[in-house]
Structure formats: C-alpha cells, structure tokens
Amino acid sequence: MTKASDEMAATALYVRESGRPGGPATARLKILLGHLQGPAATAIAAYPTSAANISSSYHPQQFQYTLDNNVLTLEQRQFYEDNGFLVIKNLVPEADIQRYRNQFERICRKEVAPIGLQIMKDVTIAKSEFHADEKAVTKIQDFQSDEELFSYCTNPQIIKYVECFTGPNIMAMHTMLINKPPDSGKKTSRHPFHQDLHYFPFRPSNSIVCAWTAMEHIDRNNGCLVVIPGTHKGTLKPHDYPKWEGGVNIMFHGIQDYDANQPRTHLVMEKGDTVFFHPLLIHGSGRNKTQGFRKAISCHFASSNCYYTDVKGTSQEIIEKELQNLLEKKYGISKIPLKKRIVGRELL
Ligand SMILES: CCCCCCCCCCCCCCCCC(=O)SCCNC(=O)CCNC(=O)[C@H](O)C(C)(C)COP(=O)(O)OP(=O)(O)OC[C@H]1O[C@@H](n2cnc3c(N)ncnc32)[C@H](O)[C@@H]1OP(=O)(O)O
Ligand SMILES: Nc1ncnc2c1ncn2[C@@H]1O[C@H](COP(=O)(O)OP(=O)(O)OP(=O)(O)O)[C@@H](O)[C@H]1O
Ligand SMILES: O=C(O)CCC(=O)C(=O)O
Ligand SMILES: [Fe+2]
Ligand SMILES: [Mg+2]
C-alpha cells in the first residue's frame, strides 16, 4: 500500500512558484491535474502552518483516539476518547468567518471559479427549472485551490487542535462550505445519519478528523449537527439512500439500520464554535425550519502517513460505483477508482 502523499506526488504535475518567505500567499503551489480534465482537476499545494509542538515520548495505553501533546486538557481528551467529538467554543475569529462568507458569495455569483470545486444544489431545486443562483447552492465541496476559503484549513487555531488527532504532518483531504437551505417542505434539507468514512478511501481512521465550524448561531431550528456519542468505537456500517418520500440529495447516503433508541446529542453552536469529530462517528443534520441559509465550513484532515485503500469488495463500493456512473454520464469517463478522486493538499 502506498502512502497518500507518495501516491499524490506520483500523479501530480508540479508548478512551483518561488515564494516570498513568510506569508501564506508564498506557498509553493502544485497543481494536480489528476486523471481528469476540467471540473475534476484538483489543486494541491505545500503550505506553511504554525505547527504546535508534539511531545511524542509518552502515549498512555488508555488513549486510542488522541495523541499525546499539550493542547487538550485531560478532560477534553477523555471526552473525545469516550464520545468521538469535541466542541471548542469561539475558535475561529468573526473576521475570518466574514471572509469565508464573502468568498462563498463571490463563487455563487460566478465571479471566481476555483479549480476542482464542486457545486451542489438541493435536490428540489436541482430537479426544477428554478435556479436562483446562490439560493440554489446547498454546498460547495473541494475548495482546496481557493486561497481565501482554504485559509480556514491553515488557520492556526484549527491546526493546533487537528494535530491532537492526526499528528504533525497533515493533509486537507476534503473541504465543504455547507449552505443548508430553508426546507422546501419536503424535508430534503436533512442530512441522514452517516459516517464520513464511508466516502474516504484512506486509512487508518483514527488519523482522520473533521473540523466543522458554525458560521452563525446554529440550533435545532436551522438544522444543527446531530451526533450519536460513542459510535466512533464501532465499525464502518453499510450506507445507502434513505427511503425518504420527499427525495434525497445526491450522494447523501445514510446508515439503514441505525439504532433509533440510541441517545442523540444536538450540537447547538455559536458563530466560530468548532467541533472536531472522528470519521466513524454517526452524525447527520436536521431540517432547516427557518428562512435563512444556515452556513458551516468544514475540512477533513488526515495524517500524511495515511495510505489509500481499494474500496472494491467493501461496503464503500456503492459510493465508488455511483461516482463512476455519474462521471460517465456527465463526461463520458468511467472506471476512476475512488482513491484517485480524493486528493489532498498538504499543510507544511
Ligand atoms: C459528493 C457528495 C457528498 C455528499 C455527502 C457528504 C458527506 C460527506 C462527508 C465526507 C465527505 C465525503 C467526500 C467525498 C464524497 C464523494 C466525493 O465528493 S468524491 C470527490 C469528488 N467529488 C465529486 O466528484 C462530486 C461529484 N459531484 C458532481 O459531479 C456534481 O457536483 C453534481 C453533484 C452531479 C452536480 O453537478 P451539476 O453539473 O451541477 O449537475 P447537473 O449536471 O445539473 O446534474 C446532473 C444530474 O444530477 C442531478 N442532481 C444534481 N444535483 C442533485 C441533487 N442535489 N440531488 C439529486 N440529484 C441531483 C441532476 O438532476 C441531474 O440528473 P438528471 O437525471 O440528469 O436530470
Ligand atoms: N428516517 C431517518 N433516517 C435517517 N436519518 C434520519 C431520519 N429521520 C431523521 N434523521 C436524521 O436524524 C438526525 C436528527 O434528527 P432529529 O429529529 O433528532 O432532529 P431534527 O430533525 O434536527 O429536529 P426536529 O425533530 O426538532 O425537527 C438528523 O440528522 C436527521 O437527518
Ligand atoms: O449539515 C451539515 O452541515 C453537515 C453535513 C455532513 O455531515 C456532511 O456533509 O458530511
Ligand atoms: Fe458528515
Ligand atoms: Mg426530526
């Protein structure tokens, strides 16, 4: 098995810029064309971050999901170990969130079109003739080539915590800005219970973490994140489309046989609050009953020591097949393994 970083290096076409030392704009940029042209081409880059110091000398046996460093308190560490998530209040400054919001609006207005970016519309809007631009966009994915949005992933406050789960060599593997629309009445604004690992062809799972930051006050009214604590200790479950009458968004697979009696935790969060969670944690998000577009920004980080896996013959094959069929229908190309579709951007 190949290390993620090696495999990506092998498929990448590097365009190096000689940088001015210091600032983030001086990052060495590697453009990865990957195996597809146009929308599928994705960018990765080497990027400087302020690394927190990791003391790797002592790893107590009882901790399996967190690393030994000085960032988390013992209580926070124990909480993540037991529950598979950890909320850090007021982590991302308001000014940064405003920048992400502004850039999202520019993307919606098509003033900028970052390479590799995917734009998702709500199913009820996508299937109708009505396209009200930014109101139609339910999420954007893979903004790794957009410096403004990607600054979320290199935000020192975020990285400091990410390192507690991934260790110091970090890759940003998948990025999203979620713009949950007001529910049309068909409940399609919900996100069914799922494990993010279903979408990821790399391991080990304990070296992957999602950072998800509320861009405004989020509660049960506008569709907060809902988690089932402790489920990160389980295995990856089979996923498929939930049988919802009003329709389901494309690729919003859910766990079919989750235990509806397990207690759920509704994460009520303020602007800038950030939850870090394990990729096996079962979670979803509720209906947006307000008239506003509820926004959150997220990144899945992984250790550079992660390796890609072949999902053929596993429960993840269903998502690989779906993507292959979609790409065949849209661009006439097929048989791209999932592991060639998900490329990261290294944080150095
Ligand atoms: C991508 C899904 C992720 C969702 C799950 C989120 C959980 C994730 C957590 C972890 C993250 C996992 C990340 C990995 C997930 C898999 C990947 O993303 S792999 C990485 C690369 N990403 C992709 O390749 C994304 C694929 N996306 C696309 O191809 C497009 O963005 C698109 C979703 C198809 C929309 O393309 P667009 O050109 O705007 O759409 P059309 O050509 O108009 O439509 C095509 C077809 O699809 C129908 N459709 C569009 N949107 C929806 C929708 N929301 N729900 C249902 N159906 C939709 C549309 O009607 C067309 O169908 P038709 O029958 O031809 O009319
Ligand atoms: N039938 C279902 N199958 C899978 N997931 C579901 C189903 N019904 C709800 N969910 C998911 O369960 C999670 C929490 O739902 P819950 O009903 O607790 O909260 P909510 O929908 O946010 O709030 P409310 O019930 O007050 O509208 C959401 O992620 C939602 O998408
Ligand atoms: O609704 C959200 O903001 C989170 C959705 C989610 O869990 C995901 O896209 O993986
Ligand atoms: Fe998720
Ligand atoms: Mg509900």
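A quick note: this is a predicted structure, and the numbers were derived from the prediction, not measured. The first residue in the sequence is number 1, and the count goes up from there. In each ligand, atom 1 is the first atom listed, and ligand 1 is the first ligand listed.
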Handout entry: Winner among Asn222, Val226, Thr265, Val227 once heavy atoms are compared against atom 14 (C) of ligand 2
Key = Val226

Handout entry: Of the listed options His191, His198, His174, closest to atom 8 (C) of ligand 3 (non-hydrogen atoms)
Key = His191

Problem - Pro242 heavy atom under 4.0 Å from ligand 2 - result: no

Practice task
Report yes or no: does a heavy atom of His283 sit under 4.0 Å from some atom of ligand 2?
Solution key: no

Handout entry: Joint hydrophobic cluster, Phe252 plus Tyr258, side-chain heavy atoms closer than 4.5 Å
Key = no

Handout entry: Donor-acceptor pair, side chain of Tyr80 and main chain of His278, under 3.5 angstrom
Key = yes

Fill in the blank from the handout: Under 4.0 Å between heavy atoms, the region of Gln141 that gets near ligand 3 turns out to be neither

Problem - Under 3.5 Å side-chain donor-acceptor pair for Asp196 and His283 - result: yes

Problem - Distance-only polar pair, side chains of Asp146 and Gln103, donor-acceptor under 3.5 Å - result: yes

Exercise for the section: May I ask you to check if any N/O/S atom from His194 comes under 2.8 Å of the Fe ion (ligand 4)? Expected result: yes

Practice task
Assess His283: does it contribute an N, O or S atom lying under 2.8 Å from the Fe ion (ligand 4)?
Solution key: yes

List ligand 2 atoms under 4.0 Å from [X], heavy atoms only on the residue side.
X	value
Lys289	24 (P), 26 (O), 27 (O)
Phe193	5 (N), 11 (C), 12 (O), 13 (C), 14 (C)
Ser285	28 (C), 29 (O), 30 (C), 31 (O)

Completion exercise
Looking at Asp196, the N/O/S atom that lies nearest to the Fe ion (ligand 4) is called OD1

Practice task
Give the numbers and elements of all ligand 3 atoms closer than 4.0 Å to a heavy atom of Met176.
Solution key: 8 (C), 9 (O), 10 (O)

Completion exercise
Within 4.0 Å of some non-hydrogen atom of Lys139, the atoms of ligand 3 are 9 (O)

